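This report refers to the structure that appears directly beneath it.
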Amino acid sequence: MADLPLMPIATAVWLIDNTSLTFDQIAEFCGLHPLQVKGIADGDVGAGVRGINPITTNQLTRDELDKAEKDGDHRLKLSRPKTIVPEKPRKGGRYTPVSKRQNRPDAIAWMVRNHPEVTDAQIGKLLGTTKTTIAAVRDRSHWNSANLVPRDPVGLGLCSQIDLDAVVRKAAAKRAKLMKENPEAFANEGPSLEPTQDKEEEAENENRNFDPEKVFAEFSDKDQSSDEN
């Protein structure tokens with residue numbers, strides 16, 4: 001996509017009022033249609049928009065503008081900054097809209113229940129909350145603990161699925177490394193850390209091995225023995 005000035009219509013307003021450029025030159029420079037530029041000149045488009053000088057905003061040089069005014073076929077070129085400063089990565093917790101902050105305890109409860117390997121610091125950064133709130137949800141001392149319902153933070157709009165997967169993957173890798181280095185430290189873990197999926201698979205295996213003929217055979221044997229007595 002071609003480079004365009006920051007505020008195309010406002011730039012076009014200034015160029016129309018302060019230069020002798022053609023509509024085609026202004027349209028191409030601002031990324032507009034020539035009819036839009038004509039509408040701006042007639043006052044039908046962009047009424048009330050204040051013009052912005054592209055020279056003072058370092059988007060166009062005076063020499064480039066003079067060339068275009070002298071030659072109607074010359075096409076303006078947007079000035080590029082001599083140095084490009086990379087954007088600094090955002091630090092601190094994630095910002096959560098006010099309308100969604102009430103859902104954070106539910107998301108914390110979901111993370112604590114489904115991903116115990118994720119640390120409080122990781123949860124706090126992912127959901128934009130504090131360690132105090134996470135601890136309150138963990139030990140059920142949260143003021144609204146009785147009404148908390150564990151819910152997926154992605155479904156609540158508190159984070160993206162990509163961010164959640166990245167945090168879980170990182171925490172799982174760290175936990176696996178610690179278990180490999182010091183397996184004794186994880187030998188006495190309680191059942192709360194056991195994945196629920198394993199329990200569901202055990203139940204499915206029990207149902208799979210269920211033989212109704214044997215069960216009914218046992219009942220029929222008992223009925224026959226009771227009749228003989």
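Residue indices begin at 1 and follow the sequence shown. As the structure is a prediction and not an experimental result, all values here were calculated from the model.
- The heavy-atom pair separating E117 from A171 by the smallest distance is O-CB, 3.5 Å.
- Rounded to the nearest 0.5 Å, atoms CG (L126) and CG (L164) are 6.0 Å apart.
- Taking the side chain as every heavy atom from C-beta outward, I108 and M111 never approach each other to under 4.5 Å.
- Residue L148 holds its CG atom at 13.5 Å from CZ of R104, rounded to the nearest 0.5 Å.
- Legend: ring pair (Phe, Tyr, Trp, His ring centres under 6.0 Å) pairs involving residues 117-152, not counting sequence neighbours: none detected.
- Side chain of E69 to backbone of S20: a donor-acceptor contact under 3.5 angstrom is found.
- Note on residues 28-48: pairs passing side-chain hydrogen bond (donor to acceptor under 3.5 Å, both in side chains), not counting sequence neighbours, are E28-R75, K38-D42.
- Residue G124 comes nearest to I134 through the heavy atom pair N-CD1, 3.6 Å, listed as atom of the first residue, atom of the second, then distance.
- Remark: A121 engages T119, K131 in a side-chain contact (heavy atoms from CB on, under 4.5 Å) (not counting sequence neighbours).
- For D63, the side-chain contact (heavy atoms from CB on, under 4.5 Å) test picks out T61, with sequence neighbours left out.
- With hydrogens and angles disregarded, no donor-acceptor distance shorter than 3.5 Å links the side chain of S145 to the backbone of S141.
- Contact of the D120 side chain with the R138 side chain is registered, since non-hydrogen atoms from C-beta on lie closer than 4.5 Å.
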Could you list the donor-acceptor pairs under 3.5 angstrom formed by side chains in residues 151-158, with sequence neighbours left out?
{"from": "R151", "atom 1": "NE", "to": "D106", "atom 2": "OD2", "distance (Å)": "3.3"}
{"from": "R151", "atom 1": "NH2", "to": "N103", "atom 2": "OD1", "distance (Å)": "3.1"}
{"from": "R151", "atom 1": "NH2", "to": "D106", "atom 2": "OD2", "distance (Å)": "2.9"}
{"from": "D152", "atom 1": "OD1", "to": "V154", "atom 2": "N", "distance (Å)": "2.9"}

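- Judged as a salt bridge (charged side-chain N to carboxylate O under 4.0 Å, His left out), not a single pair has a partner in residues 5-25 (not counting sequence neighbours).
- Annotation: side-chain hydrogen bond (donor to acceptor under 3.5 Å, both in side chains) contacts of T19 (sequence neighbours excluded): none.
- Applying the under-4.5 Å side-chain rule to Ile, Leu, Val, Met, Phe, Trp and Tyr, the cluster around L65 extends to I9, V13, W14, L15, I16, L21, F23, I26, F29, L32, V37, I40, V45, V49, I55, L60, L76, L78.
- Closest approach of P34 and A27 over heavy atoms only: N-CB, 3.7 Å.
- Among residues at least two apart or in separate chains, there is no salt bridge (charged side-chain N to carboxylate O under 4.0 Å, His left out) pair with a member in residues 45-60.
- Under the side-chain contact (heavy atoms from CB on, under 4.5 Å) criterion, T56 pairs with N53, sequence neighbours left out.
- Under the side-chain contact (heavy atoms from CB on, under 4.5 Å) criterion, R169 pairs with D165, A166, not counting sequence neighbours.
- Among residue pairs with one or both ends in residues 104-140, those qualifying as ring pair (Phe, Tyr, Trp, His ring centres under 6.0 Å) are W110-H115; sequence neighbours excluded.
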